[in-house]
Amino acid sequence: CDIKSTALLPIVLASQKASEENASEAILVRDGLITEGTHTNFFAVKNETVFTAPSSRLILDGITRKVVLEFCNKFKIDYQEKFINKDDLKSYDEFFITSTTKEITPVIKIDYWSVKEEQPGKITKSLQSLFKKTTEDY
């Protein structure tokens, strides 16, 4: 998971299945815990606290993921590096994914469940705005 490799057939197959189902990403689950997406890092927000899987050999520690955590530190947004249980998803308020190409992208639908009326959440929009302000000079 933590090594970029050309031998990633399961990731390619999961990404292809997501595409066939008109989804933009597939979220990976190991032993009931969300690790990451096929090409992204996954975040959830609950009570204005950001959650993401801890940096470990189970995820590819993305650059944009690191930037989001730096924003959380700098702008006093609470966060926890903690695995999210797949069965608890509906108890969270908002979700987003990050990657170099997707930047910070709200998740407004998971499977057939619409998240908060398919609108990006407050924390997601704040982080997107910070990211845009930081990168618009580049």
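Values in this document were obtained by computation on a predicted structure and should not be read as measured data.
Judged by distance alone, with hydrogens and angles left aside, the side-chain atoms of Gln128 form a donor-acceptor pair with the main-chain N or O of Ile104 at under 3.5 Å. Remark: side-chain polar atoms of Asn85 are paired, donor with acceptor, to backbone N or O of Asp87 under 3.5 angstrom. Looking only at distances, a side-chain donor or acceptor of Asn41 sits under 3.5 Å from a matching main-chain atom of Leu60. A donor-acceptor distance shorter than 3.5 angstrom exists from the side chain of Thr64 to the backbone of Ser99, with no hydrogens or angles considered. Without hydrogens or angle criteria, Asp61 side chain to Ser55 main chain gives no donor-acceptor distance under 3.5 Å. Of the possible donor and acceptor atoms, one in the side chain of Thr134 sits under 3.5 Å from a partner among the backbone N and O of Leu130. For Thr35 (side chain) and Leu28 (main-chain N/O), a donor-acceptor pair under 3.5 Å exists by modelled atom type.
Using modelled atom types and a 3.5 Å distance limit, the side chains of Thr38 and Glu25 yield a donor-acceptor pair. Side-chain contact check for Lys46 and Ser91: at least one donor-acceptor pair (N or O, by modelled atom type) lies under 3.5 Å.
One finds no salt bridge joining Arg30 and Glu36 here, because no Lys/Arg side-chain nitrogen approaches an Asp/Glu carboxylate oxygen to under 4.0 Å. A salt bridge between Glu21 and Lys17 is present, with a side-chain N of the basic residue lying under 4.0 Å from a carboxylate O of the acidic one.
Taking CD1 of Ile77 as the start and CZ of Phe71 as the end, the distance is 9.0 Å to the nearest 0.5 Å. Here the straight-line distance linking atom OG1 of Thr105 with atom NZ of Lys102 works out to 6.0 Å at 0.5 Å rounding. Rounding to the nearest 0.5 angstrom, the gap separating the CD1 atom in Ile97 from the CD1 atom in Ile27 is 6.0 Å. From His39, atom NE2 reaches atom OG1 of Thr98 across 13.5 Å, with rounding to the nearest 0.5 Å. Once rounded to the nearest 0.5 Å, the distance linking CG of Asp78 with CD of Gln80 reads 8.0 Å.
For the pair Phe83 and Leu58, the minimum side-chain heavy-atom distance is below 4.5 Å. Contact of the Leu89 side chain with the Phe95 side chain is registered, since non-hydrogen atoms from C-beta on lie closer than 4.5 Å. For the pair Phe51 and Phe43, the minimum side-chain heavy-atom distance is 4.5 Å or more.
Each of Phe96, Phe131, Tyr79 was checked for a side chain to side chain contact (heavy atoms under 4.5 Å, CB included) with Val68, and the lone residue meeting it is Phe96.
No more than 12 heavy-atom neighbours from other residues, nucleotides or ligands sit within 6.0 angstrom of CD1 on Ile63. Applying the 6.0 Å contact sphere to CG of Asp31 captures no more than 12 heavy atoms from other residues, nucleotides or ligands.
Residue Ile108 is found outside any hydrophobic cluster, as its side-chain heavy atoms come under 4.5 Å of no other Ile, Leu, Val, Met, Phe, Trp or Tyr.
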Output a table of donor-acceptor pairs, distance under 3.5 Å, between side-chain atoms of residues 115-124 and any protein atom two or more places apart or on a different chain; print 'none' if there are none.
| unit_1 | atom_1 | unit_2 | atom_2 | d |
| --- | --- | --- | --- | --- |
| Glu118 | OE2 | Lys109 | NZ | 3.4 |
| Glu118 | OE2 | Ser114 | OG | 2.7 |
| Lys122 | NZ | Glu48 | OE2 | 2.6 |
| Thr124 | OG1 | Glu94 | OE1 | 2.7 |

